[in-house]
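Just so it is clear, the structure is predicted and the values come from calculations on it, not from any experiment.
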Amino acid sequence: MGKSLMEDLVIEKLSTVYDPEVPVNIWELGLVYGIEFPKPNEVIITMTLTAPGCPIADQIVQEVHDVVLTLDGIDEVSVNLTFEPAWGPERMSEVARLELGFDI
């Protein structure tokens, strides 16, 4: 399976994870900064949260790990949480901006 197809499958899984305070998934919110495949069966996801003090940060990170690990061909998932650069609404997709009522 090629990297781009696997990356699409990872994105599909990430699109099922929601920040409980926002009715938009983490992919559309722009919380995912990077998806890397150091080995064919391993993925590293670099992501952030909408706020550094998010009380359910561990829960979101665990959910990201768990949903991506369900993919056939992925045996190892690492989730790196970063706050650099800080997340801002400009990182949201057009879909997320419309959903949340931001002017685009």
Side-chain angles (χ1 to χ4, degrees):
M1 185 176 304
K3 178 185 169 193
S4 62
L5 178 56
M6 184 56 80
E7 188 170 7
D8 288 346
L9 292 172
V10 169
I11 291 168
E12 192 176 296
K13 289 293 184 181
L14 294 173
S15 297
T16 68
V17 179
Y18 286 78
D19 180 325
E21 297 177 2
V22 186
V24 177
N25 69 64
I26 64 169
W27 180 256
E28 295 293 340
L29 279 174
L31 298 180
V32 178
Y33 289 173
I35 300 169
E36 300 170 62
F37 297 92
K39 294 185 247 169
N41 64 336
E42 179 184 355
V43 63
I44 298 172
I45 297 164
T46 302
M47 64 172 290
T48 193
L49 299 169
T50 55
C54 180
I56 52 143
D58 293 344
Q59 181 181 328
I60 293 173
V61 168
Q62 188 65 49
E63 187 175 352
V64 165
H65 173 272
D66 293 351
V67 299
V68 174
L69 197 56
T70 66
L71 286 168
D72 286 341
I74 296 294
D75 301 321
E76 194 173 329
V77 178
S78 300
V79 182
N80 297 328
L81 193 58
T82 183
F83 294 101
E84 293 294 327
W87 178 85
E90 69 281 352
R91 294 194 55 88
M92 291 189 294
S93 71
E94 188 174 324
V95 170
R97 288 169 182 255
L98 287 170
E99 182 76 25
L100 298 175
F102 281 78
D103 289 330
I104 54 174

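Contact record, D72 with M6: O-CE, 3.5 Å, taken as the closest heavy-atom pair. Smallest separation of non-hydrogen atoms from I74 and P40: CD1-O, 4.4 Å. The two residues K13 and V67 have their closest heavy-atom pair at CD-O, 3.6 Å.
The main-chain N or O of P89 is found under 3.5 Å from a side-chain atom of R97 such that the two form a donor-acceptor pair.
The distance from atom CD1 of I44 to atom CZ of F37, rounded to the nearest 0.5 Å, is 10.5 Å.
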Atom pairs and distances, donor-acceptor, side-chain atoms in residues 20-31, under 3.5 Å, two or more places apart:
from : atom 1 : to  : atom 2 : distance (Å)
N25  : OD1    : W27 : N      : 2.9
N25  : OD1    : E28 : N      : 2.8
N25  : ND2    : S15 : O      : 3.3
E28  : OE1    : S93 : OG     : 2.2

Please set out all donor-acceptor pairs under 3.5 angstrom arising from side-chain atoms of residues 75-85, sequence neighbours excluded.
from : atom 1 : to  : atom 2 : distance (Å)
D75  : OD2    : N41 : ND2    : 3.0
T82  : OG1    : E84 : N      : 3.1
T82  : OG1    : E84 : O      : 3.3

Criterion side-chain contact (heavy atoms from CB on, under 4.5 Å) on E12 and L71, from CA distance to verdict: CA-CA 10 Å; E12 192 176 296; L71 286 168; over 6 Å; no

Chi angles and distances behind the side-chain contact (heavy atoms from CB on, under 4.5 Å) call for L14, I35: CA-CA 11 Å; L14 294 173; I35 300 169; 4.0 Å; yes

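Taken together through direct or relayed side-chain contacts under 4.5 Å among Ile, Leu, Val, Met, Phe, Trp and Tyr, V17 and V95 form parts of separate hydrophobic clusters. No continuous path of hydrophobic side-chain contacts links Y18 to I45 [ILVMFWY only; heavy atoms under 4.5 Å].
Among residues two or more places apart in sequence or in another chain, the salt bridge (charged side-chain N to carboxylate O under 4.0 Å, His left out) test is passed with E42 by K39.
The list of side chain to side chain donor-acceptor pair (under 3.5 Å) pairs with a residue in residues 48-63, not counting sequence neighbours, reads D19-T50, Q62-D66.
Side chains of M92 and W87 form a contact here, defined as non-hydrogen atoms less than 4.5 Å apart.
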